[in-house]
Amino acid sequence: MDVKKFLEDAKSGSIDIVEHTSKVIEETKKIDRDYHYFNEISEELAMELAKRTQRSVKEGSAGIIAGLPVSLKDAICVKGVETRAGSAILAGYVPVFDSFVAQRIKEEGGIIIGKNSQDAFGFGSFSMNVGKGMKIPKNPIDPKRVAGGSSGGSAGIVAKAGFPIVSVAESTGGSIEAPASFCGVTGFCPTYGRVSRNGLISYANSLDKIGPMGKSVFEIALILEVISGHDPKDSTSAPIPAEKYTEYAGKGANGMKIGVIKEVFSEGTDENVTDSVWKVIKKLESEGVPYEEISLPTVMKYGISAYYTIAMAEASTNLARYCGMRYGAQDEISGSFNEYFSEIRTKYLNDEEKRRILIGTFVRMAGFRDAFYLKAAKVRTMIINEYKSAFRKFDFLLSPTMPQVAPTFEDAQKLTPLQSYMMDVMTVGPNLAGIPHMNMNAGAVHDLPAGFMLMADHFREGKLIQIGSFTEDVL
Amino acid sequence: MSELDTSLVKKVAKEARIKVSDEEAKRIMPAMEEIIRHFSILKSAETDGISPSFHPIDVRNALRDDKPETPIPQKDALSNVRFSKDGFIKGPRAVE
């Protein structure tokens, strides 16, 4: 049953929300045993929300997602549910407040069923950099392959579940798009500031964005409607009201023009992925959406370096707060603050967390700051300008999402850290520029999904939903 | 990238409050060096006269009204604390 039909039935009372939620929890547990999509299944909260929503249906005051199961990336705080952002250093942390998005989901009748597995703090493209003691999510189509990262659990459960479900994930440099591409689901990353970050455990403040994942563009639009809007508790939240994004679906694509980024179809991209994405472009053209090729030389040459420099610099300051005193992992206190804090951080952070902190600290240090961090911030301006210039000519840009389909765990393990960072070559650009972008499924390559990405100018989420909906209809 | 050596790795680690032995510094240095060398491509970008972007969109100071709000209760603030005394969080000694 699709989400639209489920919501109609739940609202009319023909689905018992409590009974349905109970079945969903059991099914989720079964899937999780084999695929590891959850760091925490919040059964108690889900049943409490189901009972509350069932009452609101009877009273005629149900919200727009009444009864719909929703999972959240582990980095998004939910009151009373252990929240670790995938890191062992946050073991045992139970928030005393709801994030903005968790609050909005509850207000609109959504049923929060748990916290999805992820790379620790979002540090990864494969969800293999999980915190010590946590399980790695597996690809829903082939469990010998990665689910993608860092929001691997979110994409995995959306793809695998037989029941209606949406996930709320987060992207810093591609953490929504990569797993959506590898798992064959729709993933949407909105404009920076469109969705409040209040209650999101930070990776890199100037890059973090919360966005939905679902099986269809309608589901994406619906959840975006719920979680968008201005929040005074996030100083970077845009003071622009949320739109009725679902109303953009089904409006056609009249007069729209696409720019195809030509550099991304290079020798580094699997030719089967290239073929799949070109079939989408040609299909759109045959349906009256013309395209032209465009070059984005600054994005392609400097994107990876600028992104990782800024992201690691910000991450190294954000993670300085984890010292084993106020929340998360805490050992018997001994020695001076320097000794104790260093002991805790050395013990509970994993190799990738340490690597990013060390490099992030390095690029901010006196003598290196101007050459790396400040230079990257200037290059970021050039990258934003390059996108702005492209959007003066085109409504949307299009590229593959990832250069290949999901690799096997064995192959992913062979990559050096830099080689795995290079997998993000197509996603870091839109994330640095903070523009909205969406992964959709371009088809299968040897039974594995290949994704393509549509991008639009800042705050053009509605138009992106419109072209996405049209594309979904014609493919 | 010739700037990175094991002593610099250890200095950075000390700043970041992460313990790194000489052996570990040697183990982690090649990957760090490879990454930082890749970052060095930024040096070739023509950025004269370009201002840095610390956010992707225009972000302005957002100040709320200067009125007191109710803080989280002490019980909640201590709910994740393993070691506390008399309503205070216990920490390691601050003076070496």
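Basis for what follows: all heavy atoms, side chains included, without hydrogens, waters or symmetry-related copies.
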Which one, B:Ala77, B:Pro52, B:Gly91, B:Ala62, leads in non-hydrogen pairs under 4.5 Å with chain A?
B:Pro52
Chain A contact via B:Ser44 - which portion, at a heavy-atom distance below 4.5 Å:
both
Could you check if a side-chain atom of A:Met312 sits within less than 4.5 angstrom of a side-chain atom of B:Phe39, using non-hydrogen atoms only?
yes
Does any part of the side chain of A:Ile310, heavy atoms only, come nearer than 4.5 Å to the side chain of B:Phe54, both counted from C-beta?
no
Compute whether any side-chain donor of one residue and acceptor of the other, for A:Lys375 and B:Thr47, lie under 3.5 angstrom apart.
yes
So B:Arg27 and A:Asp351, do their side chains get closer than 4.5 Å, heavy atoms only?
yes
Where does B:Arg82 contact chain A at under 4.5 Å (heavy atoms): side chain, backbone, both or neither?
both
Hey, could you give me the NZ/CZ distance between B:Lys11 and A:Phe362, rounded to the nearest 0.5 Å?
10.5 Å
Less than 4.5 Å apart, any side-chain heavy atom of A:Pro232 and any of B:Arg64?
no
Report yes if some heavy atom in the side chain of A:Phe337 is under 4.5 Å from a heavy atom in the side chain of B:Arg17; otherwise report no.
yes
Side chain to side chain contact (heavy atoms under 4.5 Å, CB included) evaluation trace for A:Tyr192 with B:His55:
CA-CA 9 Å; A:Tyr192 179 83; B:His55 287 94; 3.3 Å; yes
Heavy-atom cut-off 4.5 Å, strictly under: side chain, backbone, both or neither for B:Val59 against chain A?
side chain
Consider side chain to side chain contact (heavy atoms under 4.5 Å, CB included). Of A:Leu432, A:Thr381, A:Asn385, which one does B:Ser53 pass it with?
A:Thr381
Mind checking whether B:Ile36 and A:Phe372 have side chains closer than 4.5 Å, heavy atoms only?
yes
So, the part of B:Ala31 with a heavy atom under 4.5 Å from chain A: the answer is side chain
Using distance alone, with no hydrogens and no angle criterion, decide if A:Arg326 and B:Asn80 have a side-chain donor and acceptor under 3.5 Å apart.
no
I'd like to know if B:Glu24 and A:Lys354 make a salt bridge, using a cut-off of under 4.0 Å between side-chain N and carboxylate O.
no
Is any side-chain heavy atom of B:Ser79 closer than 4.5 Å to a side-chain heavy atom of A:Val94?
no
A:Glu332 vs B:Phe83 side-chain heavy atoms within contact, under 4.5 Å
yes
Rounded to the nearest 0.5 angstrom, the CZ-CE distance for A:Arg356 and B:Met32 is 13.0 Å
So for B:Leu42, is it side chain, backbone, both, or neither that comes closer than 4.5 Å to the heavy atoms of chain A?
both
